[in-house]
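Notes follow once the structure below has been shown.
All of these numbers come straight from a predicted model, not from anything done at the bench. Both backbone and side-chain heavy atoms feed into the values below; hydrogens, waters and symmetry mates do not.
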Amino acid sequence: MATATSIVRSPAALLSAKVSVSDHKPTPTVQFSRFPSKRSCFTALLSSLHDNNDDDDNNNNVISHPKPLSSSQLFNSVSNGSRLRVAYQGVRGAYSEAAAEKAYPNCEAVPCDQFDSAFQAVEKWLVDRAVLPIENSLGGSIHRNYDLLLRHSLHIVGEVKLAVQHCLLANHGVQLEDLSRVLSHPQALAQCENTLTKIGLSREAVDDTALAAKHVALHKLKDTGAVASSSAAKIYGLNILAQDIQDDCDNVTRFLILAREPIIPGIQNPFKTSIVFSLEEGPGVLFKALAVFALRQINLTKAFIYGFFKSPRKAIESRPLRNQPLRAADDNNGSKYFDYLFYVDFEASMAEERAQNALRHLKVSNYMFLWQEFATFLRVLGSYPVDTTMM
């Protein structure tokens with residue numbers, strides 16, 4: 001997962017110079033000069049992105065909404081200097097929009113068509129934050145965002161846990177018995193499999209739950225429903241035929257809050273730290289790596305491996321990458337390629353001495369009084385407050 005390229009240096013240089021984690025240099029404010037002086041053109045751009053290409057866009061019963069930003073449009077967008085702007089992937093009514101608004105209740109939520117676009121929007125100062133999903137309690141990890149964390153240089157500054165409550169939506173006047181199929185994101189369909197099977201609906205996957213709702217509404221479909229949020233029903237003028245149709249009530253998605261700069265970690269409230277590292281190959285290296293946390297009573301909440309191991313997903317999750325090694329952006333030495341990387345979330349703040357010592361130990365190992373290189377690559381993605389609330 002990796003991108004944030006620095007270990008926070010305050011308080012007290014958290015890691016010694018021995019840990020070759022590159023220092024992130026704050027972007028000077030003069031960089032704002034690269035953008036046009038008329039900062040309101042960001043709002044103008046959003047206003048111009050209405051869905052004029054949809055066949056049924058002239059339908060007066062459906063509210064027109066701005067299209068998500070694409071990578072090609074990012075270069076022509078600037079912030080308007082008003083509310084905090086938060087990027088998310090999807091269209092209006094997506095669960096990611098709800099997560100963004102939970103993190104920042106008064107924000108201006110900015111939809112992006114792809115995860116990549118959200119990362120770029122933050123890097124190019126078009127938005128202030130991005131809120132993106134990283135794992136679901138039922139569906140597992142969002143692998144694409146782990147890839148992007150590695151390739152970009154953003155910092156994790158927080159997390160949001162959102163309880164996912166799926167609804168079966170349809171146009172007004174359509175009854176449950178009128179439906180023959182349902183549209184939604186593949187994970188949403190899988191999470192409602194038992195319910196949809198009992199109803200007898202065929203499933204068709206689309207890119208986003210809210211996009212499914214939008215499609216059903218725009219095309220006035222009478223035989224097709226959508227699995228999406230109650231918010232999507234309100235936005236697109238759909239009727240809720242059934243609520244909470246997920247098979248497991250403990251359906252929670254965890255989102256990461258990304259920013260250009262890290263936050264200063266504290267010790268008053270519960271903090272979590274996310275890191276990524278690579279190890280020398282050899283027997284017992286993973287055991288030694290995880291031991292640096294166990295020795296200091298640091299609890300691991302997630303250990304995720306990108307590599308070529310084939311083991312069941314328990315405390316450690318694996319993903320084959322032998323033919324497609326991942327690349328990490330490095331501010332000092334250029335890009336580096338790795339056959340496998342280890343992603344770890346642990347319950348400690350980088351302001352704590354035990355966390356600092358654990359990472360020192362991870363970087364340089366003392367075995368039989370012989371100090372040697374242990375982790376060949378180490379990056380702190382962020383040290384941030386734990387989200388202890390649920391919607």
Side-chain angles (χ1 to χ4, degrees), residues 1-8 15 18-24 115-116 119 132-135 140-156 159 254 256 258 262 272-294 298 300-346 348 350 355 358-365 372-384:
M1 282 171 53
T3 80
T5 55
S6 65
I7 288 181
V8 182
L15 294 181
K18 293 180 181 179
V19 180
S20 58
V21 181
S22 61
D23 293 328
H24 180 82
F115 292 132
D116 311 56
F119 274 84
L132 299 172
I134 198 65
E135 60 181 327
S141 300
I142 313 297
H143 293 152
R144 179 58 183 162
N145 283 334
Y146 278 101
D147 291 347
L148 292 171
L149 279 169
L150 185 66
R151 288 176 167 86
H152 292 267
S153 298
L154 299 183
H155 302 258
I156 304 173
E159 67 174 5
R254 176 173 170 250
L256 297 180
L258 304 175
K272 180 184 293 184
T273 299
S274 297
I275 65 172
V276 58
F277 58 92
S278 180
L279 299 173
E280 291 281 2
E281 290 192 47
V285 290
L286 179 56
F287 171 80
K288 294 175 185 176
L290 299 183
V292 306
F293 302 101
I298 296 176
L300 302 184
T301 59
K302 185 175 182 67
F304 180 85
I305 304 175
Y306 270 69
F308 44 86
F309 306 100
K310 296 194 181 293
S311 58
R313 173 157 51 89
K314 294 181 181 177
I316 295 176
E317 186 173 347
S318 63
R319 181 185 179 198
L321 280 175
R322 174 63 83 178
N323 297 325
Q324 293 182 314
L326 286 179
R327 180 179 65 184
D330 189 298
D331 287 346
N332 293 329
N333 303 316
S335 298
K336 298 180 179 180
Y337 288 87
F338 302 94
D339 283 331
Y340 58 91
L341 290 155
F342 300 80
Y343 297 89
V344 170
D345 294 341
F346 60 86
M350 282 307 299
L359 294 199
R360 271 196 212 96
H361 190 176
L362 181 61
K363 185 62 182 176
V364 182
S365 177
Q372 61 185 29
E373 182 84 354
F374 188 25
T376 58
F377 167 80
L378 173 62
R379 177 179 296 167
V380 173
L381 301 173
S383 191
Y384 47 93

Note to self: Any heavy-atom pair between the side chains of Leu256 and Arg254 that's under 4.5 Å?
What the structure shows: yes

Note to self: Please give me the minimum heavy-atom distance between Ala355 and Ala348, naming the atom from each residue.
What the structure shows: CB-CB, 4.2 Å

Check: Do the non-hydrogen side-chain atoms of Phe115 and Pro133 ever get within less than 4.5 Å of each other?
Finding: yes

Notebook entry, point to check: Run the salt bridge (charged side-chain N to carboxylate O under 4.0 Å, His left out) check on Arg151 and Asp116 step by step: do they pass?
Noted result: CA-CA 10 Å; Arg151 288 176 167 86; Asp116 311 56; over 6 Å; no

Notebook entry, point to check: Roughly how far apart are Thr301 OG1 and Glu159 CD, rounded to 0.5 Å?
Noted result: 8.0 Å

Margin query: What's the separation between atom CZ in Phe277 and atom CG in Leu341, rounded to the nearest 0.5 Å?
Written below: 9.5 Å

Next item on the list: To the nearest 0.5 Å, tell me how far Ile142 CD1 sits from Glu135 CD.
Entry: 8.5 Å

Notebook entry, point to check: Within a strict 4.5 Å, meaning less than it, do heavy atoms of the Thr376 and Leu279 side chains meet?
Noted result: no

Check: Nearest 0.5 Å, what's the CG-CG distance between Leu258 and Leu148?
Finding: 10.0 Å

Next item on the list: Measure the CG-OG1 distance between Asp345 and Thr273 for me, rounded to the nearest 0.5 Å.
Entry: 9.0 Å

Item checked: Test ring pair (Phe, Tyr, Trp, His ring centres under 6.0 Å) applied to Phe346 - qualifying residues, sequence neighbours left out -> Phe293

Notebook entry, point to check: Are Lys302 and Ser141 linked by a side-chain donor-acceptor pair shorter than 3.5 Å?
Noted result: yes

Notebook entry, point to check: Quick one: which of Leu290, Val344, Leu378 gives a side chain to side chain contact (heavy atoms under 4.5 Å, CB included) with Leu362?
Noted result: Leu378

Notebook entry, point to check: When rounded to the nearest 0.5 angstrom, what distance separates CG in Asn145 from CG in Leu150?
Noted result: 12.5 Å

Next item on the list: Check the pair Val276 / Phe377 against side-chain contact (heavy atoms from CB on, under 4.5 Å), numbers first and verdict last.
Entry: CA-CA 8 Å; Val276 58; Phe377 167 80; 4.0 Å; yes

